[in-house]
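What you are looking at is a predicted structure, and each value in this text was computed from that prediction instead of being measured. The figures here come from the full heavy-atom set of this structure, side chains too, leaving out hydrogens, waters and symmetry mates.
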Amino acid sequence: MLKLLIFLACFYLLICGLLFFFQEHLIFFPEKLDRDHQFGFNQKFEEIFIKAKDQKLLHGLLFKAENSNGLIFYLHGNAGSLRSWGEVAQTYTDLNYDVFMIDYRGFGKSEGSISNQAELHQDVQLAYDEMKARYSEDQIVVLGYSVGSGLAAKLASSNNPEMLILQAPYYSMTDLMKNTYPIIPTALLKYKLETNEYIISCRMPIVLFHGRQDEIIYHRSSVKLRKIMKTTDTLITLDPQSHNGMTSNPEYRTAIQKILMK
């Protein structure tokens, strides 16, 4: 019995060590694209490369509406690349908003790889600064989906966009880890992404969307966020709706049209 307990303890420590050193591979699932990859979207877009502080090139796409009322600064989820994420842009260009999307390091045509949270925030800020050179901040709506929701909340808390929209947000990555993997010490997590702290500093209107049947980020994450938000902010629960495919949900499309056309 003692040998078994020692074995189990050693195995647990090994798993914890692997989770700490390889967590980027458990959180992020990038699709890499060749530099000469040709996108096949059925609308106007511009490819933009932004030089990061370490000289790595970050790649983004700017989709243009026919009669633009402003910009959706869109931070996507933890998998894929702009090859697939770019498909959602038409939902917003149809509402007369330009859309800018950036691929994180190691995603799509963006160089490098994700290695820490501070660098992620820094990259997103650089991309936002690039868009601020083209659009007035009171014309920019920051929108984050899934893992991008924490990045969006942090960005909005440090800037002054017109609005913050979060799709399937987590209260924090620490909270999500406690809920999903309660036996793993949260001290191992390098990506805290504390949406709950960022959101308190946001001065602009905030709208949350969450699917009641979300199997990845539990719906109560948004309920908890709503409790610490301003009384004028909004949580819209989509039922039924799982984690993926929210942008295609007719109820979401109706709600986002009303929000953006105000």
Side-chain angles (χ1 to χ4, degrees), residues 41 43-46 48 50 58 60-77 82 85-104 120-121 123-170 193 195 198-210 222 225-226 229-230 232-238 246-249 251-262:
F41 304 116
Q43 58 179 320
K44 298 176 183 178
F45 68 91
E46 174 188 353
I48 297 173
I50 299 166
L58 306 173
L61 295 177
L62 178 61
F63 296 86
K64 303 303 263 314
E66 290 297 328
N67 298 292
S68 176
N69 292 324
L71 176 75
I72 302 292
F73 187 92
Y74 190 103
L75 294 168
H76 66 64
L82 295 183
W85 283 103
E87 297 291 345
V88 308
Q90 190 165 353
T91 296
Y92 307 102
T93 54
D94 284 349
L95 299 175
N96 295 321
Y97 272 82
D98 296 345
V99 179
F100 177 76
M101 299 178 168
I102 188 168
D103 261 334
Y104 313 124
L120 255 179
H121 288 312
D123 290 348
V124 169
Q125 182 64 56
L126 283 171
Y128 188 77
D129 291 341
E130 180 76 19
M131 290 300 104
K132 282 201 300 183
R134 302 181 182 221
Y135 298 85
S136 171
E137 260 201 293
D138 61 8
Q139 293 181 305
I140 300 177
V141 175
V142 174
L143 191 159
Y145 197 128
S146 189
V147 79
S149 62
L151 297 171
K154 169 63 173 174
L155 181 69
S157 72
S158 305
N159 297 276
N160 296 291
E162 178 187 14
M163 184 183 302
L164 172 64
I165 300 173
L166 303 181
Q167 296 176 299
Y170 38 85
L193 293 170
T195 310
Y198 309 146
I199 218 166
I200 293 173
S201 301
C202 291
R203 297 169 295 280
M204 69 294 303
I206 303 170
V207 181
L208 309 182
F209 288 92
H210 214 124
S222 283
L225 285 173
R226 179 65 190 89
M229 287 159 50
K230 303 183 294 296
T232 52
D233 295 330
T234 308
L235 165 60
I236 299 175
T237 296
L238 304 174
M246 183 184 295
T247 309
S248 301
N249 184 308
E251 186 180 352
Y252 172 79
R253 292 195 171 204
T254 298
I256 200 68
Q257 181 176 8
K258 291 179 180 178
I259 290 164
L260 295 178
M261 300 298 281
K262 284 182 179 179

Does [X] reach the side chain of [Y], with side-chain heavy atoms less than 4.5 Å apart?
| X | Y | answer |
| --- | --- | --- |
| Asp98 | Gln139 | no |
| Val142 | Met204 | no |
| Leu260 | Ile72 | yes |
| Phe209 | Ile259 | yes |
| Ile199 | Leu166 | yes |

Can you say whether the rings of [X] and [Y] are parallel (under 30°), tilted (30 to 60°) or perpendicular (over 60°)?
| X | Y | answer |
| --- | --- | --- |
| Tyr74 | Tyr145 | tilted |
| His76 | Tyr104 | tilted |
| Phe73 | Tyr128 | perpendicular |

- Partner residues of Lys64 under the salt bridge (charged side-chain N to carboxylate O under 4.0 Å, His left out) criterion, sequence neighbours left out: none
- Distance from Ile256 atom CD1 to Thr254 atom OG1, nearest 0.5 Å? 11.0 Å
- So, Ser68 side chain and Gly70 main chain: donor-acceptor pair closer than 3.5 Å or not? yes
- Query: Are the side chain of Asn249 and the backbone N or O of Glu251 linked by a donor-acceptor pair below 3.5 Å?
  - Reply: yes
- Check side chain to side chain donor-acceptor pair (under 3.5 Å) between His210 and all other residues, then give those that pass, not counting sequence neighbours. Asp214, Ser222
- Query: If you look only at pairs with a residue in residues 134-148, which of them pass as a salt bridge (Lys or Arg N to Asp or Glu O under 4.0 Å), with sequence neighbours excluded?
  - Reply: Glu46-Arg134
- Message: Would you say Ser158 and Gln125 are linked by a side-chain donor-acceptor pair, where the criterion is simply a distance under 3.5 Å?
- Response: no
- Message: Are more than 12 heavy atoms, taken from residues, nucleotides or ligands other than Lys230, located less than 6.0 Å from that residue's NZ atom?
- Response: yes
